[in-house]
Amino acid sequence: MSIATTSGSAARRLLDDGRRARAMRWVMAVMLFLTVLACALGIATANVAAALDAQLGGRLVVQIVAGSDAARDAASNRLAEALGAMPEVRAAVPVPRAELAELARPWLGDAGLSADLPMPAMIDIDLRDPSASAVTAVTARARSIAPDARVDRSAGWLAPVRGFVVTLSGLAGGLVLLMASATGGIVLLTARAGLDTHRDTIDVLHMLGSTDSQVARLFQRRIALDTLIGGVVGSLAAAAAIMVIGWRAAGLDSGLVGGASLGTGGWVVLALLPLAFAGLAMVAARVAVLRTLERRL
Amino acid sequence: MANIVQFENVGLRYGTGPETLSDVSFTLASGAFYFVTGASGAGKTSLLRLLYLAQRPSRGIIRLFGEDTVTMPRGRLPTLRRRIGVVFQDFRLIPHLTAYDNIALPLRVSGMAEHEVEEPVREMLAWVGLAQRGGARPPTLSGGEQQRVAIARAVIGRPEILVADEPTGNVDPDMAERLLHLFDSLNRLGTTVVVATHDFGLINRIPDAQMMRIDRGRLADPTGSLRYPPRRPDAAEHA
């Protein structure tokens with residue numbers, strides 16, 4: 001065992017700083033707790049955005065508002081048949097009046113079920129390809145058959161919601177980056193403080209022929225280990241918090257919140273965060289120590 | 001004997017203060033024994049710091065093992081430092097490591113495997129009379145014991161040059177003689193020994209040693225009171 005390659009206890013004892021290590025671990029536990037929560041928020045909101053895209057990205061609604069009920073129904077059937085035959089369209093299904101009335105019930109009550117209430121005819125279009133050109137083609141075809149038909153992208157209705165979700169996701173990503181840079185900063189300060197604390201020991205090591213890399217390795221290993229231990233503790237606490245939130249969210253019975261799951265991949269990413277931060281801490285410590293030692297003989 | 005150290009017109013200044021060492025020129029022969037003497041504050045420790053590469057000079061040339069250490073990139077200094085053993089005036093033992101681990105440090109620094117470390121460290125502990133104190137930490141050792149641990153640490157790597165700054169300053173006369181005997185033994189094995197001291201009684205115990213006297217930062221000219229004055233490069237040419 002040398003101090004260059006040590007895995008033993010003697011080299012670990014070279015830096016005798018039990019109190020500093022404990023403080024560092026607690027700081028890292030808090031940092032990772034917050035980082036894992038932010039990352040979970042980011043993943044969950046990204047999953048919500050993806051679910052919205054998958055559900056609504058390729059869907060259009062054609063409305064026919066002009067004419068009598070019979071005329072609207074006839075136009076609706078013609079349109080559904082014509083649009084359903086287009087290669088860009090997977091399915092074109094007229095929405096039954098009863099279903100529309102059910103959708104209107106929360107606002108209109110039982111009055112929405114009245115046959116006298118004018119209600120637009122609607123066709124639900126499921127595109128094979130959610131591209132703009134497919135939307136344009138379907139819109140043109142619909143207007144060629146029913147000039148007063150109105151074609152809406154379903155995604156457009158939820159665009160503000162999706163925008164909000166994407167903003168949340170970006171904010172969470174920014175928080176994770178901020179936490180990572182703050183962790184790097186903490187490690188730099190800790191390494192520099194450690195160099196000052198252990199200045200005499202380092203001077204002796206240098207006089208005995210230690211290289212800067214050997215000294216840096218002592219610090220980077222210690223700091224990486226502290227980050228990993230603290231990070232695991234913080235991450236476990238955050239995972240528990242996430243599970244509680246998930247359990248409470250499941251009780252809301254909301255479609256939007258229901259899509260906000262982490263998935264297996266998400267949990268794997270969260271599990272890797274302590275390792276990633278330990279790696280980051282190791283690199284930051286090495287850079288800090290080497291740069292500081294360069295200024296000494 | 002080949003020269004292992006060469007100083008040419010070396011000057012040392014700390015910050016913007018006056019020169020601590022001025023125009024110091026000398027050579028040290030490989031395998032010889034040298035004393036550096038002079039009054040307190042004369043510059044002995046500064047001279048030794050230049051010798052064991054803790055400091056670069058403000059001017060002049062220093063060659064160690066034939067290499068110019070003044071212009072040498074700092075990344076190459078560790079290799080040279082491993083060839084030099086140092087006994088610091090204040091020991092500079094690492095207080096939270098045991099005597100054993102302090103002595104083992106140079107071997108570990110040089111990359112020796114752990115199973116190879118134990119035997120030489122045990123031998124060294126026995127050599128300095130601390131076989132039973134290997135597990136003790138420096139704060140629990142007496143001044144003399146700490147001194148011996150420092151010496152053991154300095155010599156365990158079989159350095160080509162041993163530099164000791166007042167190595168007997170904290171020990172009783174009997175222990176001082178024992179330590180000097182250790183240095184003499186090492187010297188006989190081929191190590192160049194440089195000892196800073198102002199204990200003339202000690203100096204007289206090594207009759208073959210040469211002596212350098214530092215006076216107010218300058219290498220004093222040889223006088224009749226000094227035996228075996230150092231060979232200066234210019235003196236050697238005229239000899």
Side-chain angles (χ1 to χ4, degrees), chain A residues 1-24 190 193-223 225-226 286-297, chain B residues 48-57 69-70 72-88 90-98 100-118 121 137-139 150 153-157 159 163 165:
Chain A
M1 178 196 68
S2 73
I3 70 164
T5 58
T6 183
S7 57
S9 60
R12 281 199 293 273
R13 288 197 301 272
L14 268 171
L15 304 180
D16 178 40
D17 47 4
R19 277 186 192 170
R20 189 205 58 76
R22 281 192 292 275
M24 174 84 175
T190 304
L195 283 170
D196 284 340
T197 304
H198 299 293
R199 188 180 186 104
D200 290 343
T201 300
I202 292 163
D203 284 348
V204 169
L205 288 173
H206 269 157
M207 288 304 107
L208 297 178
S210 281
T211 62
D212 290 351
S213 285
Q214 285 178 311
V215 175
R217 250 174 249 140
L218 294 173
F219 280 90
Q220 72 192 48
R221 181 180 32 236
R222 170 63 65 91
I223 287 175
L225 187 66
D226 291 344
R286 183 174 181 82
V287 169
V289 172
L290 289 179
R291 285 197 179 161
T292 306
L293 292 180
E294 271 172 14
R295 293 194 285 272
R296 300 182 189 174
L297 184 60
Chain B
L48 296 192
R49 282 175 59 80
L50 292 174
L51 195 53
Y52 60 74
L53 301 174
Q55 191 87 37
R56 288 203 208 254
T69 63
V70 178
M72 178 181 283
R74 65 183 294 282
R76 289 188 56 211
L77 293 177
T79 311
L80 289 191
R81 284 173 176 149
R82 290 177 191 180
R83 299 167 71 181
I84 306 168
V86 186
V87 182
F88 299 98
D90 53 356
F91 316 145
R92 302 185 74 173
L93 300 174
I94 297 176
H96 51 269
L97 295 185
T98 62
Y100 177 100
D101 283 333
N102 268 287
I103 294 171
L105 261 183
L107 302 182
R108 289 172 172 154
V109 163
S110 69
M112 187 177 278
E114 188 61 24
H115 67 271
E116 295 173 322
V117 167
E118 183 166 357
V121 174
R137 294 176 200 280
R153 184 181 66 183
V155 304
I156 193 168
V163 180
D165 194 358

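Numbered from 1 within each chain, the chains take letters A, B, ... in sequence-line order.
The shortest heavy-atom contact between A:G209 and B:P78 is O-CB, 3.3 Å. Annotation for A:V204 and B:R92: closest pair CG2-O, 3.4 Å, computed over non-hydrogen atoms.
For chain A, the nearby part of B:F88 is the side chain; its heavy atoms alone come within less than 4.5 Å. When heavy atoms are compared at a cutoff of 4.5 Å, B:L53 approaches chain A solely by way of its backbone atoms N, CA, C and O. No part of B:R83 comes within reach of chain A, as not one of its non-hydrogen atoms sits under 4.5 angstrom from that chain. Residue B:E116 does not touch chain A at all, counting heavy-atom pairs closer than 4.5 Å.
For the atom pair CD1 (B:I94) and CD1 (A:I202), the distance works out to 9.5 Å, reported to the nearest 0.5 Å. Between A:T211 atom OG1 and B:R76 atom CZ the span is 15.0 Å, to the nearest 0.5 Å.
For the side-chain contact (heavy atoms from CB on, under 4.5 Å) criterion with A:L208, the lone passing option out of B:R153, B:R82, B:R108 is B:R153.
Legend: residues meeting side chain to side chain donor-acceptor pair (under 3.5 Å) with A:D212, ordered by chain and number and at least two apart, are A:H206, B:R74. Taking the side chain to side chain contact (heavy atoms under 4.5 Å, CB included) definition, one finds that B:P139 meets it with B:P95, B:R137, sequence neighbours left out.
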